[in-house]
Amino acid sequence: MFGTSLCLLAALSACRSLPDDRKPDLPGTTDNWTAYGGTSDETHFSTLTQINDGNVAQLGLAWAYDLPTMISAVGAPLEVAGTVYLGVGYTHLYALDARTGRKKWDYDPEVTKVAGPKLRMGWGVRGIAYDNGKIFAGTQDGRLLAVDAATGKLLWSIQTTEPGDGRTISGAPRTFNGKVIIGNGGADFTNSRGYVTTYDQKTGRQLWRFFVVPGDPAKGFENKAMEMAAKTWTGEWWKWGGGGNPWNAMTYDKETNLVFIGTGNGAPQNQAIRSPGGGDNLFLCSVVALDADTGEYVWHYQINPGETWDYNATMDISLATIDIAGERRKVLFTAPKNGFFYVIDRKTGKLLSAEPYTEQTWASKIDLQNGRPVENPDARFRLGSFDLRPAMSGGHNWHAMSFSPKTGLVYIPTLHAMRKYDVRNVDIAGWKRADPPNSANGYALPPDAELPAPPPFAGSIQAWDPVNQRARWSVPLKGLINGGTATTAGNLLFQGYADGQFTARSADTGKLLWSFDAHNGIVGQPITYMAGGRQYVTVVAGYGTTAAVQGRMSSQFGWDYRTQHRRVLTFVLGGRVMLPTGEKTEAVQPIVDPSFKIAADKASRGFAIYVQNCVHCHGPAAIAGGQAPDLRASPVSLDAEAFHAVVAGGALESLGMPKFDEFSASELEALRHYIRRRADQTATPSK
């Protein structure tokens, strides 16, 4: 099933550059990479050609910058006028010389000192923004920061969330017209009502805010859009927050002066709880167009009406002008979690086409007459359970897809996974968010079986033709979740993989042209730019976020939290720098202590506590993927006092380990017994 060899689809014979009379418009040439998506159109495309498909084999490492050990090093870099900027971990910001890697400054907002319980709700920052001499970045505790790009001095800091709420920030801000916009997450963990907020770049003064879902009708609605949306909800949804948090995709269109927002899933995910009478639940899982000056609603297209599977629509929204049926159309592309690729008219919101880019069980098609999915009736748990494809991780997640106007193709880091949903043992009427075992957003937890068969899923990178809505080529990859992509006018596609390879492929055919062993998995996206007359390519090597919490799918690569270096890697033609040898490790070896007598009842109770609180960092079934320590191999769980100090006392909170001071002594003991049972079950037998 897996491999690095090229796996071309039947349509490969048609894979070639488009004729000149059918090529989409090229964006403006730039020597820098000043926005999360390269430019405001969010295509992750560069017009640079110094490095191209004819000479990329000569690419070598120009410099490497070692980052501290941290929970997640996936933040997308930027480059402006010879300086590379990035934010990693809990928004630790760096400015590095683009040609040498020399550190110019760094700034640490000390998130771990103030985030408290919000440390449990994410893995830090995925990207930053630049404009008018300032770096803008969000923090997990909900702040938006403006830092002087030349000096690293904090210029202003605004709390974008509300006191005591569960909203966090992981996505990159976007900038336009002297403004900076930021969203938030939190619907998976708390009763959250999502919104985006726009601020003045100079002062941090709030300019406008748009809520994604309506609040309590008794308190009135903020605008006509919320009044309209409330008619699509039932029950007392506002008590749950509603969700819709726009945590990633925000794209500004200069031509229409619109901001397109990709919105999130419901809170809680199971619609039967938050909106028991059904309804479309606007504006969950939608693309919403807002006036960039005022934040007023203009149009929306809802991707999943009445969403109930965590199929959020916060993946890339890319802008392009393409030829459809002989007519030049200004469109946006998005490949959200639900596995369909959408082409939408960006002036009107009209759906132009939608076809599946990966395996489907929840819907047979999207009806172009009304824009709605034709759902499998069993997908809404008519039989109590359902095997869902794509899984809740999606057919495509936040990892950047790119669009090359040179080839006319969109490059999608694709996931192939199935998730079993089961509501037969869930008390819908009495559901509580924090009560195990009914803690998985309204779905039953799997049984206490920590050694399931290896799941039949993996990832791929595929080149998608958005005009004809079909794949031109596809390459299977070893990991389920791999890095984001960038394409160039030099007919190149750059991407890092879960297995640690950083690669360049021919953008038109998918042929592998070059690869580099980064000594760590890569989840973030690459960028390319000119500095001193030479073209460089930069990527952050570090495994983390959802990629590192897939159990054995992640642990197969042997990445270890304490061993592998997180690095900024930069390449140039003729580069000759070498990474240290002997850094890759074997799979983690659990510690076995025969003197620790495991109690089955305690271990079973500990399993529920682990799934509720620990799985998002330390991995399912206590199998870590390198983002956080593997608890099976940690001596801390062998010592009750040390375990209490770390878990309940917050001894490692400064390193990003949250404090769970609400745990009782018996809960801590149960958790220890579960971890020790997993260590015994997975240890390699001695010879």
Side-chain angles (χ1 to χ4, degrees), residues 118 120-122 140 142 160-162 164-171 182-197 209-217 219 221-222 225-226 228-250 261-288 297 300-315 336-338 380 392-394 397-398 421 423 426 428 431-434 438-443 546 616:
K118 289 189 178 184
R120 308 177 190 181
M121 301 174 187
Q140 190 142 316
T160 73
T161 58
E162 299 171 3
D165 71 359
R167 298 182 183 96
T168 62
I169 296 175
S170 61
I182 191 67
N184 49 66
D188 293 340
F189 300 97
T190 63
N191 297 335
S192 179
R193 183 189 181 202
Y195 55 73
V196 294
T197 316
R209 172 170 289 175
F210 180 84
F211 284 93
V212 173
V213 300
D216 184 351
K219 298 180 180 179
F221 300 110
E222 291 82 3
M226 290 297 97
M228 173 183 70
K231 297 175 182 178
T232 69
W233 290 74
T234 60
E236 296 178 313
W237 71 87
W238 58 91
K239 293 183 177 180
W240 300 105
N245 300 65
W247 50 267
N248 184 45
M250 298 177 289
I261 308 298
T263 69
N265 53 274
Q269 292 169 10
N270 191 337
Q271 189 192 34
I273 297 172
R274 68 171 189 269
S275 187
D280 284 355
N281 294 178
L282 292 176
F283 294 101
L284 295 181
C285 302
S286 302
V287 176
V288 182
Y297 165 88
H300 78 277
Y301 172 75
Q302 190 169 34
I303 286 170
N304 274 96
E307 195 283 324
T308 196
W309 308 280
D310 193 19
Y311 274 171
N312 55 60
T314 58
M315 286 69 243
K337 276 188 177 182
N338 75 9
R380 289 188 179 264
M392 66 190 308
S393 51
N397 210 286
W398 62 270
Y421 282 76
V423 298
V426 176
I428 297 296
W431 185 84
K432 295 180 181 180
R433 183 177 290 277
N438 290 345
S439 58
N441 269 289
Y443 308 104
T546 48
H616 295 289

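Considering every non-hydrogen atom in both Pro276 and Gly235, the closest pair reads CD-CA, 4.1 Å. Nearest approach of Gly266 to Leu284, heavy atoms of both residues: CA-CD1, 3.7 Å. When all heavy atoms are compared, the tightest approach of Asn270 to Gly442 is ND2-O, 2.8 Å. Summarising the geometry of Lys118 relative to Gln140, their closest heavy-atom pair is O-NE2, 2.8 Å, with the distance given to 0.1 Å. Of all non-hydrogen atoms in Gly185 and Ser192, the two that sit nearest each other are O-OG, 4.3 Å. The minimum heavy-atom distance between Ala187 and Gly243, with the atom names listed, is CB-CA, 3.9 Å.
Looking only at atom types and distance, the side chain of Asp188 has a donor-acceptor partner in the side chain of Asn265 under 3.5 Å away. No side-chain donor from either of Asn281 and Thr232 sits under 3.5 Å from a side-chain acceptor of the other. Judged purely by distance below 3.5 Å, without hydrogens or angles, the side chains of Thr234 and Ser275 pair a donor atom with an acceptor atom.
A 4.5 Å side-chain heavy-atom check between Arg193 and Trp238 finds every atom pair outside the cut-off. For the pair Val212/Val288, no side-chain contact is recorded, criterion being any heavy-atom separation below 4.5 Å from C-beta on. With contacts defined as side-chain heavy-atom distances shorter than 4.5 Å, the pair Arg380/Gln271 qualifies. Counting heavy atoms from C-beta outward, Tyr301 and Ser286 have side chains that stay 4.5 Å or more apart. Residues Thr190 and Asp165 form no side-chain contact, since every pair of their non-hydrogen atoms from C-beta on lies 4.5 Å or further apart. Residues Arg209 and Val196 fail the side-chain proximity criterion, which asks for heavy atoms closer than 4.5 Å.
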Working note: Gln302 + Leu282, criterion side chain to side chain contact (heavy atoms under 4.5 Å, CB included); need CA distance, chi angles, decisive distance, verdict. CA-CA 8 Å; Gln302 190 169 34; Leu282 292 176; 3.3 Å; yes

Under the side chain to side chain contact (heavy atoms under 4.5 Å, CB included) criterion, do Val287 and Ile303 qualify, and how do the steps go? CA-CA 7 Å; Val287 176; Ile303 286 170; 4.2 Å; yes

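How far CG of Asp310 is from CG of Asn304: 10.5 Å, rounded to the nearest 0.5 Å. One finds the OG1 atom of Thr263 at 9.5 Å from the CG atom of Asn245 (value rounded to the nearest 0.5 Å). Once rounded to the nearest 0.5 Å, the distance linking OG of Ser393 with NZ of Lys337 reads 7.0 Å. The OG atom of Ser170 sits 7.0 Å away from the CG atom of Asn248 when rounded to the nearest 0.5 Å.
In this structure a side-chain-to-backbone donor-acceptor pair under 3.5 Å is missing from Trp431 to Asn441. Counting only distance, with no hydrogens or angles, the side chain of Trp247 and the backbone of Ile169 share no donor-acceptor pair below 3.5 Å.
Classification of the Phe189-His616 ring pair by plane angle, with boundaries at 30° and 60°, yields perpendicular. Between Tyr195 and Phe211, the angle of the ring planes goes over 60°, which puts this pair in the perpendicular group of the 30/60° scheme.
For the side chain to side chain contact (heavy atoms under 4.5 Å, CB included) with Trp398, the lone residue among Thr314, Thr546, Asn312 that qualifies is Thr546. For the ring pair (Phe, Tyr, Trp, His ring centres under 6.0 Å) with Tyr297, the qualifying choice from Phe210, Phe283, Phe221 is Phe283, the only one to do so.
Pairs of residues two or more places apart, or lying in two chains, that qualify as salt bridge (Lys or Arg N to Asp or Glu O under 4.0 Å) and include a residue from residues 269-287 are Asp280-Arg372.
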